[in-house]
Amino acid sequence: MTTLAVAAPRATAGALRLVEASTATPTTVDVGAYLREMSAHCPYLEPSLHRGLTNWTVYRAVGETDAVEAELFHAGAQAAEWLRPLLSRAHGFLRCENVVVMGAEPTVRHHDVLTWPHWVLKNIYGPVGVMFGKFHEGAEEASRSGQPISVAPVSFLAVRAAVRRRDPGFLDATPGLADALAGARDDGRNLFEHIPQQWSEIRRWAKCFPLPKKPSLSSLNGSESLSPPGS
């Protein structure tokens, strides 16, 4: 399954440099202790790890903010399209693809470059049952019950199957997206058929999505878990 957005040439190509291709046992980032600790909050994470279904693709940011955003959007779409046909197969609900961004130019912050790709991708893919979460290196997070969870050792987007009976509850700030997720069905449609090709145009197009009922877009993490049903 290939989308127009994944296949199209990109003027921003090169803003992210591939460090390590998708693998369940990354060597360029140390996530072992983090995953062990997160297993206490994510009931499906341990069986996913046991089956080698939680994968990591590692990139290094080497461009300016807009270009890195565009490349993260592209990488996130690639991960989602890779997952879509697998989610309906055996153990598909245990699959998770994590897109790591390391390094940055002095004018680029991980928090900034993750926010817009995460927001756009979760709105595009929610209706077909694919969820996106974002984690920032060193940021303190809490579970839905208010319990502190492990601090992420790297910044990354997490892409996984949605759990329709649970995940809409993570999206109370975006009720429209929660409703779309609750009724999600993947019929194999091309999600990018009517979406612009250029990242600047995609950001403008994304203004059609109702903004979250929170002080700022950057505060909306939504469904922040490595594997369903999350924390």
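Quick caveat, the model's predicted, so the values are computed rather than measured.
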At what distance, to the nearest 0.5 angstrom, does NE2 of His110 lie from CD of Glu137? 6.5 Å

Pairwise distance CD(Glu97) to OG1(Thr57) - rounded to 0.5 angstrom: 5.5 Å

Exactly one of Val154, Asn98, Val19 should register a side chain to side chain contact (heavy atoms under 4.5 Å, CB included) with Val29. Which one does? Val154

Identify the two heavy atoms, one from [X] and one from [Y], that lie closest to each other, and give their separation to 0.1 Å.
| X | Y | answer |
| --- | --- | --- |
| Leu45 | Leu35 | CD2-O, 3.6 Å |
| Leu72 | Leu157 | O-CD1, 4.3 Å |
| Arg84 | Glu81 | NH1-OE2, 3.1 Å |
| Leu49 | Ser39 | CD1-OG, 4.2 Å |
| Gly52 | Ala24 | O-CB, 3.8 Å |
| Asn55 | Ser22 | CB-OG, 3.3 Å |

State, with a plain yes or no, whether a side-chain heavy atom of [X] is found less than 4.5 Å away from one of [Y].
| X | Y | result |
| --- | --- | --- |
| Asp186 | Leu87 | no |
| Arg60 | Thr28 | no |
| Leu121 | Val130 | no |

Applying a strict under-4.5 Å side-chain criterion to I, L, V, M, F, W and Y, I'd like to know whether Val151 and Met102 cluster together. no

Between Trp205 and Phe209, how do the two ring planes meet: parallel, tilted or perpendicular, split at 30° and 60°? perpendicular

Quick one: sort the Phe156 and Phe135 rings into parallel, tilted or perpendicular, breaks at 30° and 60°. parallel

With side chain to side chain contact (heavy atoms under 4.5 Å, CB included) as the test, would you mind laying out the steps for Phe73 and Ile124 before giving the verdict? CA-CA 11 Å; Phe73 172 79; Ile124 292 174; 4.0 Å; yes

Just by distance, no angles: are the side chains of Trp199 and Glu69 close enough, under 3.5 Å, to form a donor-acceptor pair? yes

For the residue pair Thr12 and Glu71, confirm or rule out a side-chain donor-acceptor distance under 3.5 Å. yes

Kindly write out the residues that satisfy side-chain hydrogen bond (donor to acceptor under 3.5 Å, both in side chains) with Asn123, not counting sequence neighbours, or none if the list is empty. none

